[in-house]
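Let me begin by presenting the structure, written as structure tokens, before commenting on it.
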Amino acid sequence: MIDIQLIRENSQEVIRRYRTRNFDAAGIVGRVTEVDSGRRNTQKQLDDTLSEAKKISAEVGELFRAGKAAEAEPLKDRSSQLKKRARDLQEKLDTLSSELNELMTQLPMLPHPSVPSGSTEEDNEIVSEEGSMPGLGEDALPHWELAKKYDLIDFEAGTRVTGAGFPVYKGKGARLQRALIGFFLDEAGKAGYTEYQPPLMVNADSAFGTGQLPDKDGQMYYVGADDLYLIPTSEVPVTNIFRGRILKEDELPVKCAAYSVCFRREAGSYGKDVRGLNRLHQFDKVEIVQVAHPDKSYEALDEMVSYVSSLLRKLQVPFRVARLCGGDLGFASAITYDMEVYSAAQKRWLEVSSVSNFETYQSQRMKLRYRSSGGKNLLAHTLNGSALALPRLLAALLENNQTGDGIVIPEVLRPYTGFDAI
RNA sequence: GGAGAGGUGGCCGAGUGGUCGAAGGCGCACGCCUGGAAAGCGUGUAUCCGUCAAAAGCGGAUCAAGGGUUCGAAUCCCUUUCUCUCCGCCA
């Protein structure tokens, strides 16, 4: 949620900034202004009413103690009336508050000024590209063929056991997955991130806190019997570790890393884009999360982007960094950099990481604050990024490193895999 | 899953219907004391909303959450939730 203060102070500016997202906020912002002033008005009336009722109660108390119970009778009546009035006002206040809350929830994060306007992927701004493109022959195989040829992934078995989008990794394929996870966690540790193992299911409050609910309801698997959601990313449980907390200023930035399995329903996506490992219902990912001081969050963002770049560099995969345009930006994000690796046999770029600064969007929802040196409790900024998501990276590694009679394992992974080639 | 006990401020802990936002202690901050420190002494120490240009001030809410009884609830009643103990089950 954005800070309502921004709307109170300059609603036109807010509406203008939302245009970068192709989001017409005029209607909602207008309603917010209206409901907000009504709410405050009602609050004032309620407070005054309660104030009077409290005074009367105190008087009644004194009369009782003085043994003049009879004199208290008319006061009791008056107090009853006030209480009835307060009940009505409270009801009105609740209605207005929840209406306001609902409106605010419909507003996405304000985009950072550097976010390019645009509506689709096409309008994303490529900010850098590095690594050399592998020269593969015409007989180069896509990763799903390679996975079959070298018996690394059994897609059919996954379909039998669960359904499409739930692959079974096998032998060196499974080992390679484990190697990548180990490598990523070790690297994150060296970069100052504390390792966490979060729950894989979260409650609705957590899903709301990071912005999955209500916006992305339907993209998460839901366990109805216990009212829990399977996490779509460990961003959700990890960030929510800090929900409702007030951190000390010198604790910032908080840097967390977590490996987890991720579950996504990906409702409605079929076709060749989802072939093989390109898009799955269950996948593995190491995520990094930071809780940062508002003045330092863009520094943190840059650090995260260069950290993820360093991983890709070490793995020797060609990659590029894109700054998402307003239209492609996630609901909760002020700015997002996508990191894409080049998958040589498919001849396409695959997104393997998404690094975002949510500024106060999530912290506002989850009341995540820090105590400033001035003694005030202020909202912290939250950020996260994949470091990294495994399947597409695995796809690129398999495709780019194929030699015709095997697949070469990148140097840095060999201590983890225990083998040099497949 | 069954039985019982309990959730009070950063923490411990008193409080069972009437100035209780809440005694006391610890912790923390500041000051005094000291050559310096410890001890000691003193002062302060929750969050949110509203009012205000802002601060102060003032008003309101909050003793797990929600509802109820009452003129008045941390205190009584109901529901939910979480924690602990015992039993059951179990990787």
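Throughout, protein chains are lettered first and strands after them, A, B, ... in sequence-line order, and every chain is numbered starting at 1.
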Expressed in angstrom and rounded to an integer, what is the separation of Glu251(A) atom CD from rC28(B) atom C1'?
14 Å
With sequence neighbours left out, write down each residue that passes ring-ring contact (aromatic ring centres under 6.0 Å, His included) with Tyr222(A), or none if nothing qualifies.
Tyr229(A)
Using the P atom as the reference point in each nucleotide, state the distance between rC84(B) and rG13(B) in Å, no decimals.
16 Å
Calculate the interatomic distance between Lys367(A) atom NZ and rU62(B) atom C1'; express it in whole Å.
15 Å
Spacing of Gln45(A) atom CD relative to rA61(B) atom C1', expressed in whole Å:
17 Å
Does the distance from a Lys or Arg side-chain N to an Asp or Glu carboxylate O, for Arg31(A) and Glu34(A), drop under 4.0 Å?
yes
With a 4.0 Å heavy-atom cut-off, tell me which residues in residues 202-213 of chain A come close to RNA chain B, sorted by residue number.
none
Using the P atom as the reference point in each nucleotide, state the distance between rA38(B) and rC30(B) in Å, no decimals.
12 Å
Measure the shortest side-chain to side-chain distance between Ile7(A) and Ile2(A) over non-hydrogen atoms and say whether it is less than 4.5 angstrom.
yes
Whether Arg39(A) contacts rG50(B) is assessed here as follows: a side-chain N or O lying under 4.0 Å from the phosphate OP1 or OP2. Is that the case?
yes
Please table the atom pairs, donor to acceptor, closer than 3.5 Å between any side-chain atom in residues 392-399 of chain A and protein atoms at least two apart or in another chain.
unit_1, atom_1, unit_2, atom_2, d
Arg392(A), NE, Asn278(A), O, 2.7
Arg392(A), NH1, Glu351(A), O, 2.9
Arg392(A), NH2, Asn278(A), O, 3.0
Glu399(A), OE1, Ser343(A), OG, 2.9
Glu399(A), OE1, Ala345(A), N, 3.1
Glu399(A), OE1, Gln346(A), N, 3.0
Glu399(A), OE2, His143(A), N, 2.9
Glu399(A), OE2, His143(A), ND1, 2.9
Glu399(A), OE2, Gln346(A), NE2, 3.1

Check: protein-nucleotides 55-60 of chain B nitrogen or oxygen pairs below 3.5 Å:
unit_1, atom_1, unit_2, atom_2, d
rG59(B), O3', Ser51(A), OG, 3.1
rG59(B), N2, Asp47(A), OD2, 2.7
rG60(B), O2', Asp47(A), OD1, 3.0

Donor on one side chain, acceptor on other, Glu187(A) and Tyr193(A), under 3.5 Å
no
Listed by chain and number, what are the ring-ring contact (aromatic ring centres under 6.0 Å, His included) partners of Phe319(A), not counting sequence neighbours?
none
Expressed as a whole number of Å, how far does the P atom of rC71(B) sit from that of rA65(B)?
25 Å
rC41(B) and rC52(B), which share atom name P, separated by this distance in whole Å
46 Å
With rounding to whole Å, what would you report as the distance between rU43(B) and rC33(B) at their C1' atoms?
15 Å
B/S/- along nucleotides 64-74 of chain B (protein heavy atoms under 4.0 Å) is ------BBS--
Looking at Tyr150(A), does the NZ or CZ of Lys172(A) lie under 6.0 angstrom from its six-membered ring centre and within 45 degrees of the ring axis?
no
Rounding to the closest angstrom, what is the interatomic distance between rA61(B) and rG21(B) at atom C1'?
11 Å
Got Gln364(A) and Lys367(A) here, is their nearest side-chain heavy-atom distance under 4.5 Å?
yes
Whole-Å C1' distance, rG2(B) and rG67(B):
28 Å
Residues forming a ring-ring contact (aromatic ring centres under 6.0 Å, His included) with Tyr298(A), sequence neighbours excluded
His112(A)
Sorted by chain and number, sequence neighbours left out, side chain to side chain contact (heavy atoms under 4.5 Å, CB included) with Arg178(A) holds for Arg175(A)
Sidechain N-carboxylate O distance under 4.0 Å for Glu303(A), Lys255(A):
yes
Glu249(A) CD to rG10(B) C1', straight-line distance once rounded to whole Å
18 Å
All N/O contacts under 3.5 Å from nucleotides 45-48 of chain B to the protein, with atom names and distances to one decimal?
unit_1, atom_1, unit_2, atom_2, d
rU47(B), OP1, Arg371(A), NH1, 3.4
rU47(B), OP1, Arg371(A), NH2, 3.0
rU47(B), OP1, Asn377(A), ND2, 3.1
rU47(B), O3', Arg369(A), NH1, 3.1
rC48(B), OP1, Arg369(A), NH1, 2.6

Round to the nearest Å and state the distance from Lys248(A) atom NZ to rG27(B) atom P.
15 Å
Under 4.0 Å between a side-chain nitrogen and a carboxylate oxygen: does that hold for Glu99(A) and Arg39(A)?
no
With sequence neighbours excluded, residues passing side chain to side chain contact (heavy atoms under 4.5 Å, CB included) with Val127(A):
Glu125(A), Val321(A), Arg323(A), Tyr337(A)
Looking at side-chain heavy atoms only, is the closest gap between Gln316(A) and Val412(A) below 4.5 Å?
no
Looking at Arg8(A), does any N or O in its side chain come under 4.0 Å of the phosphate oxygens OP1/OP2 on rG50(B)?
yes
Do the charged groups of Arg40(A) and Asp36(A) touch, with an N to O distance under 4.0 Å?
yes
Validation row: Glu235(A), Gln362(A) side chains within 4.5 angstrom (heavy atoms):
yes
Residues which pass side chain to side chain contact (heavy atoms under 4.5 Å, CB included) with Ser310(A), listed by chain and number, not counting sequence neighbours
Tyr307(A), Arg313(A)
Distance between P atoms of rA3(B) and rG9(B) (Å, rounded)
29 Å
Stem segments of RNA chain B by first residue number [Watson-Crick or G-U, under 3.5 Å, at least 3]
B:1-7 with B:81-87, B:10-12 with B:24-26, B:27-32 with B:40-45, B:46-51 with B:57-62, B:64-68 with B:76-80
